[in-house]
Each structure stands twice: as structure tokens, then as C-alpha cells.
There are 2 protein chains.
Amino acid sequence: MNISDAAKHTGLPAKTIRYYEEIGLVTPPRDTNGYRVFGETELHKLTFLARARALGFAVKDCRTLLALYEDQSRASADVKRIARTHLNEIEAKIADLIAMRDTLSHLVQACAGDDRPDCPILKGIETTSSVKA
Amino acid sequence: MNISDAAKHTGLPAKTIRYYEEIGLVTPPRDTNGYRVFGETELHKLTFLARARALGFAVKDCRTLLALYEDQSRASADVKRIARTHLNEIEAKIADLIAMRDTLSHLVQACAGDDRPDCPILKGIETTSSVKA
DNA sequence: GATAAGGGTTCTAGTTACTGGAAGGTCAAG
DNA sequence: CTTGACCTTCCAGTAACTAGAACCCTTATC
């Protein structure tokens, strides 16, 4: 299977797959013509990567998770620790974004949005005290 | 006022202030010794920038907002449009993150997290269908 | 006057995770 | 034999800083 088919199967752009090879996440063998050849193993890895990334894991974490995924003697605690840490980061981001959204939606609602210069949004930005932790 | 005092007043790191000058967001004059001098105007701009950034606006948007902020003949509609677009992006990000959180928290809960290799998280990543839009 | 601490300055390079584009080799069809 | 769709590599750019090196300025102290 060539790279564009692997892309179709995994949902990852071909560029991204090449990039993943470059940083050592996958290592597809090459055909005599130099083309990358993707078999079951590499496809599984790529799919795993695509899904882990979709869950928001950093590439660095994906590398670790992939190693654990392939390590039959892993401890599930190792996986769980990474996942929980990531989960906490997600929660924190959500909280940040919700604070932003609340502040901003109030400002937007207060703004007439016409051709006059008076603007509660700009005034709000001037005076908003810390939104972020 | 020198840069470190400006940093204290605005909450921005000095490095960031220099960066903002480099990209033309502020233009503090220089003292005879070459030091940047921050007066009222630049301080206001920096504070405005810090708060707009804290609300999650991209630097590009901050540039526009700052121009509108300084333009006494602006139309509030212009500001509102930018803010609403940004608000939509925030909402979308929140939705994405919540989907991730939900999936991930289920997986984490299902994982024993002990020294055995059996791991619902890895299994989940293997089989999770699209989390992201 | 020498020196040391604590400012300030510039410049380069690194970060994250790709993405776009150019230049050029390969392959199957007509 | 040419055309078009693949594939390859390599270089540069993105966002918004951040780290660090090398060096200048100021002030205080000895």
C-alpha cells in the first residue's frame, strides 16, 4: 500500500505521515523504487496515532503511548497516569475558555454593533481584570 | 519608565513587550542610552493588548482591535464582528474539548491503573471513532 | 579607579505539529 | 512517447513567544 492509500485508511494527510516517519513514529519499509510501503503494522500504528491525536494527546505523549501500546508487558498504570494528566490539562483549558466565553459574550451582547464609535467591547477590554489564571 | 517597570504594570514579560515592539504593536521612544521609555500611551496600549490576549484574541486581531481602540471615528460594528467571530471559535474549541474530555474520562475511569498490561485506555484509542469534527 | 550587581540592548535559535510549494523521479494508459 | 497522477526530497513558513549568549549602561561600594 502506498502513502495515499495509507492516508485514506487513517484519515491522516500524506504530509503528516511523512512527518511522523521523519520524527520516528513510524518506519515503513521502502519499495525498490523508493516508495514507502505500508503494511498492517504501520497502518495500525498510524490509526492509533490519529486517534490519540484526536483525543488531544501531544505528539510526545503519543510516542510514549505507542510504545506502551506495543509493549505487551506494560503496566496499565503508566498509561493511566499519562491519560489523567492530559485529562487535567483538558479540564483546565475548558475552564479557561469558558471564562473567556462568559466575559466575551457579555461584552458582545452589550455592544450595539452599529456605525457609532461607542463600544462596550473596547471599553470592556480596557477594564477587564484578569480572565486567565 | 523602563521596560521592567512596564512589565510590572502590564503583567507582560519584558520579552513579550520587546516582541510586541518588533511586530509593530507598540513603538516606545528611546532614551539617549538606547533604553525604551514607556509613557502613558504605550502603557495603555500594552494593557489593552494584555487583556485582549487574555480574552484569547489572536495577535492579528489584537492589532485590529488596537487600531479601532485608537480610532475615535470607528464603528462599533467592526469591533463586534471581530468579537463575535472569536466567540464562535471559542465555542467550537470548548465543544471539541468537551468531546475529548468525555471520551477520555470514560477511558480513564475504566482503567484499573495497576501493574497489569490490560488497559482499556489503549484499547479505547485503538477503537475510538472520530472524536473531532 | 576598579569592580560587581542589576538593569538594559541586540541577535540567533528553539518551541509545536504540521503545511505549502518547488524540483524532479516513477508508473500506467493511450 | 507523452500525459497525468503518483511518488520522492528539501526548504520555508506558520503562532507567539521564550531561552540564551554577548555585550553596553548605571549605580554603589571599596
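Each chain gets a letter, A, B and so on, in the order its sequence line appears, and its residues count up from 1. What you see is a predicted model, and the numbers here were worked out from it, not measured in a lab.
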With no hydrogens and no angle check, just 3.5 Å: does a side-chain donor-acceptor pair link B:Ser73 and B:Asp71? yes
Please report the distance, rounded to the nearest Å, between CD1 in A:Ile17 and P in C:dG20. 15 Å
OP1 or OP2 of D:dT18 versus the side-chain N and O atoms of B:Thr16: is any pair under 4.0 Å? yes
Between A:Arg36 and the options A:Glu22, A:Glu21, A:Glu42, the salt bridge (Lys or Arg N to Asp or Glu O under 4.0 Å) test singles out A:Glu21
In terms of ring plane angle, is the pair A:Tyr69 and A:Phe48 parallel, tilted or perpendicular, where the classes change at 30° and 60°? parallel
Sugar-phosphate only, base, or nothing, as touched by B:Ile3 at under 4.0 Å among non-hydrogen atoms: sugar-phosphate
Taking C:dT19, C:dG7, C:dT26 as options, the one with an atom nearest any side-chain atom of A:Asn33 is C:dT26
How long is the straight-line distance from CZ of B:Arg84 back to OG of A:Ser105, given to the nearest 0.5 Å? 12.0 Å
Separation between NZ (A:Lys93) and CG (B:Asp96), nearest 0.5 Å, reads 11.0 Å
Taking for A:Tyr35 and for A:Phe57 the nucleotide of DNA chain C with the nearest heavy atom, the one nearer the 5' end belongs to A:Phe57
Do the side-chain N or O atoms of A:Ser4 get closer than 4.0 angstrom to the phosphate oxygens (OP1, OP2) of D:dA5? no
Here the distance between atom C1' of D:dT26 and atom CG of B:Asn2, to the nearest Å, is 11 Å
Rounding to a whole Å, what distance do you find between B:Glu22:CD and D:dA15:P? 14 Å
Rounded distance in Å - CZ (B:Arg63) to P (D:dC17): 12 Å
Report the distance from atom CG of A:Leu12 to atom P of C:dC18, rounded to the nearest whole Å. 8 Å
Write down the protein N/O and nucleotide N/O pairs, taken from nucleotides 10-16 of chain C, whose separation is under 3.5 Å; answer none if there are no such pairs.
{"residue": "C:dT10", "atom": "OP1", "partner": "B:Arg30", "partner atom": "NH1", "Å": "3.4"}
{"residue": "C:dT10", "atom": "OP1", "partner": "B:Arg30", "partner atom": "NH2", "Å": "3.1"}
{"residue": "C:dT10", "atom": "OP2", "partner": "B:Arg36", "partner atom": "NH1", "Å": "3.3"}
{"residue": "C:dT10", "atom": "OP2", "partner": "B:Arg36", "partner atom": "NH2", "Å": "2.7"}

How many angstroms lie between atom NE2 of B:His106 and atom CZ of B:Arg101, to the nearest 0.5 angstrom? 10.0 Å
